[in-house]
Number of protein chains: 2
Amino acid sequence: MIKLKTDRVILGDCIEAMNALPAKSVDLIFADPPYNLQLAQDLYRPEGSRVDAVNDDWDKFDTFATYDAFTRAWLKAAHRVLKDDGTIWTIGSYHNIFRVGTALQDLGFWVLNDIIWRKANPMPNFKGTRFTNAHETLIWCSKSEDARYHFNYTAMKALNEDLQMRSDWVLPICTGNERIKIDGIKAHPTQKPESLLYRVLLACTKPGDIVLDPFFGTGTTGAVAKLLGRHWIGIEREEKYARVAEKRIAELLPLSGGAMAVTASARAQPRVAFGALVENGMIRPGTELVDHARRFRARVQADGSLNMGETVGSIHQIGAAAQKAPACNGWTFWHVEQAGKLVPIDTMRAAYRQAAAL
Amino acid sequence: MIKLKTDRVILGDCIEAMNALPAKSVDLIFADPPYNLQLAQDLYRPEGSRVDAVNDDWDKFDTFATYDAFTRAWLKAAHRVLKDDGTIWTIGSYHNIFRVGTALQDLGFWVLNDIIWRKANPMPNFKGTRFTNAHETLIWCSKSEDARYHFNYTAMKALNEDLQMRSDWVLPICTGNERIKIDGIKAHPTQKPESLLYRVLLACTKPGDIVLDPFFGTGTTGAVAKLLGRHWIGIEREEKYARVAEKRIAELLPLSGGAMAVTASARAQPRVAFGALVENGMIRPGTELVDHARRFRARVQADGSLNMGETVGSIHQIGAAAQKAPACNGWTFWHVEQAGKLVPIDTMRAAYRQAAAL
DNA sequence: GTCTCAATTGAATCTAGCA
DNA sequence: CTGCTAGATTCAATTGAGA
């Protein structure tokens, strides 16, 4: 049996490099392939600064057919090096994830979950043309339908305050000290947060397992693998990224305790927008809201805004405007009349939370 | 021109039925196709009861190829009936959504967002073998890359308490009174919540628009369309579902006209030329305008142009030149000093609009 | 050292209408 | 079709300067 050399970066094309590795040799593959973003032009923020977008050559493909051929080729190579009971994770956005998911299924991989990384702090949609693109999608697959893959169910449950870990993960994007910079400029345009890899590796590997990342970049996968006592192999085409990754991982001390548990346990805050009660039918558009003394009246519009005379705004804004105050908590200020009695809309929010088990 | 018969259920195959409708005739398509969801065997809860899973004939496809052929066929028919500036929504899970997304892109639809419906109360994973499948995915597309699709950005923002609506939507699943039951048994296995359709229709349609649902089921799309004053067409293959939908929608009262109003977008407001304020005497020629930080100053000329040093131009051009920015909204950039306080000229535009009853 | 406020930034398919 | 111009448009987190 060939001894597999681990804990190193292989410089080169990921398909060739994977084909040079022994078959069925790695326990987990984490792959962050190019997203094929297809940006048409420069984008400016409302205040005038230019958005530093991903516009690198490695993310450019002529057509979907070209992208599909590339995707199938690297996935086929990944299938060969993966152990029969190993699993593969890929990450992407709507630009590419449907192509990747289709290719995975066509190659015989078995989808176990699609996981949503809900970004706590995404970039907004500056032009007001679409919904804020606030998530990325990961696909988790075993090698075949009947594979006996490894899943640390209880570890995931523990990580989630003893509730089953769900398919949507709220995690911040990679910023601050964690973001690697060279002379003040980000070293890689799409560095992933360690918290994301931490959860993936903890869910699907044991200490001593071998983790392969064919699109290594600045080596987040390797860094977290070392931290958690897993072996790693990174493949990276661009030397500048490979060097950054090697240095980063070499300087890292493996983890002794649960230093990272803090970031992982952050749970979604159950914020409820007033509009949710309108959508849900608990408050119908056209309903009149009044304050506790019945001095002010406003009408609910279909989008959850309030209308008072000529003024339109949120429950908080209209509440403030009514009292000529700088601010107002609309949830406690406004009431609905039910059977002659005034019920604060905050009561209805509580009922909504209860019904929705938030 | 053929008058399109709306507000009715068409009984039959959705591909044939769509092909019988006039081309480019509907404003929005919402499609909840079969998920190709098959449990290999019955699933039992830990305490022994059997899970009532989707196991109907309409959700059975032998292979991915069969499912893909079906998907491409109905999407092609949908493409034909959709107006050029209309949009299409589809919903699915990891079993089918990658196939649907790939087919959409291959047929020339242009993905605008993928939206995550994050279920507030999903069914747990009883076996503890995977992550709780706690979301479904919607894909929102325009008919082509350069289509001028309709999106009620401000209404969505209002619905979310004045923050941009994100691509992850937290909504409860359809339960309780809303879930239609016949003799205590749920009438349809995959009834969608009205709150989901409410948000989709409010985002992408205007009152009077025509909404088509080719997989109508028990008619949630029609019910919400009627509530919001939109016309609807439902296509359903199974008579039992069609009858339930017809009865459900007939019993429903739509909102009154005023209640359907949503916050108007700024782009829909009538235009006011800066020169009109000068003509009107609200701003005198010679007045000095400054930015909010008092860094830049410009002088108003008699024709409504601005003069800054050697440069003359519109409020927008001079604002952009001052900041060396590619563009600038002069209405919010420039201010007039009144009694020591800075008032944005946009405030004066609002007053002008009010006075002119524009 | 501590607080406040302004500036910066992140995988982005990012305008509309008229001549 | 191109070209031009008006003018609409951002959330959360971190950093760093200045009080």
Side-chain angles (χ1 to χ4, degrees), chain A residues 32-56 58-61 64 91-97 117 119-137 170 172-179 181 184-186 188-193 215 217 269, chain B residues 85 105 109-114 140-142 144-146 148-149 151 153-154 157 160-167 265-269 271-275 292-293 304 313-317 319-320 325-334 345-346 349:
Chain A
D32 182 10
Y35 285 12
N36 192 21
L37 287 184
Q38 308 168 54
L39 305 172
Q41 64 213 345
D42 280 349
L43 177 66
Y44 293 86
R45 300 166 202 271
E47 100 285 1
S49 68
R50 199 177 72 86
V51 174
D52 182 17
V54 178
N55 209 7
D56 303 73
W58 50 256
D59 196 42
K60 293 200 193 308
F61 296 84
F64 280 130
I91 182 166
S93 65
Y94 67 83
H95 309 85
N96 72 322
I97 199 66
W117 168 26
K119 299 182 185 182
N121 46 347
M123 197 190 311
N125 180 289
F126 295 114
K127 303 293 185 188
T129 54
R130 305 179 178 193
F131 297 97
T132 309
N133 204 353
H135 73 276
E136 293 189 22
T137 302
V170 180
I173 58 176
C174 183
T175 56
N177 268 340
E178 194 189 329
R179 189 90 194 198
K181 288 180 183 164
I185 295 165
K186 56 188 176 189
H188 192 282
T190 70
Q191 187 183 339
K192 295 291 174 288
F215 303 96
Q269 287 303 306
Chain B
D85 57 354
Q105 291 177 317
F109 286 106
W110 190 248
V111 180
L112 298 169
N113 277 117
D114 58 336
W140 176 41
C141 296
S142 62
S144 68
E145 180 175 351
D146 51 4
R148 300 244 270 254
Y149 59 91
F151 178 50
Y153 173 75
T154 40
K157 194 172 171 180
N160 194 34
E161 286 187 2
D162 236 28
L163 285 179
Q164 271 195 353
M165 187 72 83
R166 302 169 34 121
S167 58
S265 82
R267 286 193 175 104
Q269 299 263 340
R271 284 202 176 186
V272 174
F274 180 67
H292 78 103
S314 71
I315 51 172
H316 315 295
Q317 288 166 338
C328 166
N329 183 346
W331 289 110
T332 49
F333 181 75
W334 295 112
I345 58 175
D346 202 28
R349 176 171 64 164

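Atom set for the values below is all heavy atoms of this structure, side chains included, hydrogens, waters and symmetry mates excluded. So that the names make sense, note that chain A is the first sequence line, chain B the second, and so on, each numbered from 1.
- Here dT13(C) is in the syn range [glycosidic angle within 90° of 0].
- Spacing between dA11(C) and dA8(D) at atom P, rounded to whole Å, works out to 30 Å.
- Atom name C1', nucleotides dT9(D) and dA12(C): the rounded distance is 14 Å, in whole Å.
- Taking only side-chain nitrogens and oxygens, Arg349(B) comes nearer than 4.0 Å to OP1 or OP2 of dA8(D).
- When the P atom is used for both dG10(C) and dG7(D), the distance is 32 Å, rounded to whole Å.
- When the P atom of dT9(D) is taken as reference, atom OH of Tyr153(B) falls 7 Å away, rounded to whole Å.
- A side-chain donor from one of Ser93(A) and His95(A) sits under 3.5 Å from a side-chain acceptor of the other.
- Residue Phe215(A) holds its CZ atom at 11.5 Å from OG1 of Thr190(A), rounded to the nearest 0.5 Å.
- Rounded to whole Å, the distance from CG on Asp146(B) to C1' on dC1(D) is 12 Å.
- For the pair His316(B) and dG7(D), the criterion of a side-chain N or O lying under 4.0 Å from OP1 or OP2 is met.
- A donor-acceptor pair is defined here as one N or O able to donate and one able to accept, closer than 3.5 Å; such a pair exists between the side chain of Asp59(A) and the backbone of Tyr35(A).
- Going from atom CH2 of Trp331(B) over to atom P of dA6(D) covers 11 Å, rounded to whole Å.
- With hydrogens and angles disregarded, a donor-acceptor distance shorter than 3.5 Å links the side chain of Trp334(B) to the backbone of Ile315(B).
- Contacts of Ser314(B) with the nucleic acid, taken as non-hydrogen atoms under 4.0 Å apart, involve only primed sugar atoms and P, OP1 or OP2.
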Scoring nucleotides 8-17 of chain C by protein non-hydrogen atoms under 4.0 Å (B base, S sugar-phosphate only, - none) yields -BBBBBBS-S

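- Taking Trp140(B) as the reference, Thr87(B) meet the side chain to side chain donor-acceptor pair (under 3.5 Å) condition, with sequence neighbours excluded.
- Here the separation of dA17(D) from dG1(C), taken at their P atoms, is 15 Å to the nearest Å.
- Across all strands, Ala134(A) comes closer than 4.0 Å to no nucleic acid atom at all (heavy-atom distances).
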Between Glu161(B) and Leu163(B), is a side-chain contact (heavy atoms from CB on, under 4.5 Å) present by the stated rule, with each step listed? CA-CA 6 Å; Glu161(B) 286 187 2; Leu163(B) 285 179; over 6 Å; no

Using a 3.5 Å limit on both pairing distances, list the dot-bracket string of DNA chain C from the 5' end; Watson-Crick and G-U wobble pairs count, crossing pairs take [ ], interstrand pairs take |. .|||||||||....|||||

